[in-house]
Amino acid sequence: MKKLIAPSVLAADFANLQRDSEMLNKSEADWFHIDIMDGVFVPNISFGMPVLKTIGEHAKKPLDVHLMIVDPDRYIETFADLNAAVLTVHYEACTHLHRSLQKIKSCGMKAGVALNPHTPVHLLSDIIQDIDVVCLMSVNPGFGGQSFIENTYAKVKALKQLIIEKGASTLIEIDGGVTDQNAKALTDAGADVLVAGSFVFKSDNPTETIARLKAL
Ligand code: DX5
Ligand code: ZN
């Protein structure tokens, strides 16, 4: 499978969300990555439902919603109503992960699970077959523009092995510090989806940057 690129709207210009959404529509981006932070699970607050609604009115590609919030079950239906295609919850925020994933799927969305950098992938061995996308955090969640954590390569390889062993069809997504310096090594290790925020939106020509990442 050709890898997917999911630019993170967290790094877009919030005063020009329509313009930046249209740029993504015309680019080779595959998904819109949407970071929802609650100031409790992570030490930052990003944006919430009204802003996501506005993005959704302009986006012509699937919305990949990454919830960095405690007790995400409270909002699963709300994000389905906001047209999320993939809804990702954090392993560390879910006491009953299996139940959360079933609820996400019953609302018509793909179910994602994100792992913080310290959380080992083997903790997913009894649930991997129920997960559509595993999002490996390659920075500590909460902020864009941080440096990539090198241990991520080992986690991608271990996760890929687990997926193969269990006969699952889970996609591997990498989130945080993705650039043209690590994109190819990540896909070579088994990554299917690359999230990139600052590297795309802070570049001189975001459309070209997306095309470059896609081609690597
Ligand atoms: C971090 C977010 C990421 C972030 C990535 O908590 O989950 O999606 O926006 O941004 P960059 O690519 O700048 O690290
Ligand atoms: Zn994210």
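The environment of CZ in Arg19 is crowded: more than 12 heavy-atom neighbours from other residues, nucleotides or ligands sit within 6.0 Å. In Lys2, the NZ atom is crowded: over 12 heavy atoms of neighbouring residues, nucleotides or ligands sit closer than 6.0 Å. Atom CD of Glu77 has 12 or fewer heavy atoms from other residues, nucleotides or ligands within 6.0 Å.
Contact record, Lys166 with Ser125: CE-O, 3.3 Å, taken as the closest heavy-atom pair.
Ion pairing of Asp180 with Arg212 is present here, as a side-chain N (NZ or NE/NH1/NH2) and a carboxylate O approach within less than 4.0 Å. The existence of a salt bridge linking Glu57 and Lys53 is confirmed by a sub-4.0 Å separation between a basic side-chain nitrogen and an acidic carboxylate oxygen.
In terms of hydrophobic clustering, with Ile, Leu, Val, Met, Phe, Trp and Tyr side chains grouped at heavy-atom distances under 4.5 Å, Trp31 and Leu82 are assigned to different clusters.
Between Asp13 and Phe201 there is no side-chain heavy-atom pair separated by less than 4.5 Å. Between Pro72 and Lys103 there is no side-chain heavy-atom pair separated by less than 4.5 Å. Counting heavy atoms from C-beta outward, Phe79 and Leu52 have side chains that approach closer than 4.5 Å. Side-chain contact between Asn182 and Tyr153 is present, with heavy atoms from C-beta onward closer than 4.5 Å. Between Glu173 and Asp64, some side-chain heavy-atom pair lies under the 4.5 Å cut-off. A 4.5 Å side-chain heavy-atom check between Met68 and Asn44 finds every atom pair outside the cut-off. Side-chain atoms of Val195 and Val178, non-hydrogen and from C-beta on, never get closer than 4.5 Å to each other. Side-chain contact between Phe41 and Leu67: absent, with no pair of heavy atoms (C-beta onward) separated by less than 4.5 Å.
Remark: Leu171 CG to Leu159 CG distance equals 10.5 Å, nearest 0.5 Å. To the nearest 0.5 Å, the span separating OG on Ser147 from CG on Asn140 amounts to 11.0 Å.
Under the 30°/60° scheme for interplanar angles, the aromatic rings of His90 and His66 are found to lie parallel.
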Item to check | Candidate pair Ile36 and Ile69, rule side chain to side chain contact (heavy atoms under 4.5 Å, CB included), full reasoning | outcome: CA-CA 7 Å; Ile36 306 285; Ile69 67 175; 4.2 Å; yes
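A donor-acceptor pair shorter than 3.5 Å cannot be found between the side chains of Ser138 and Thr152.
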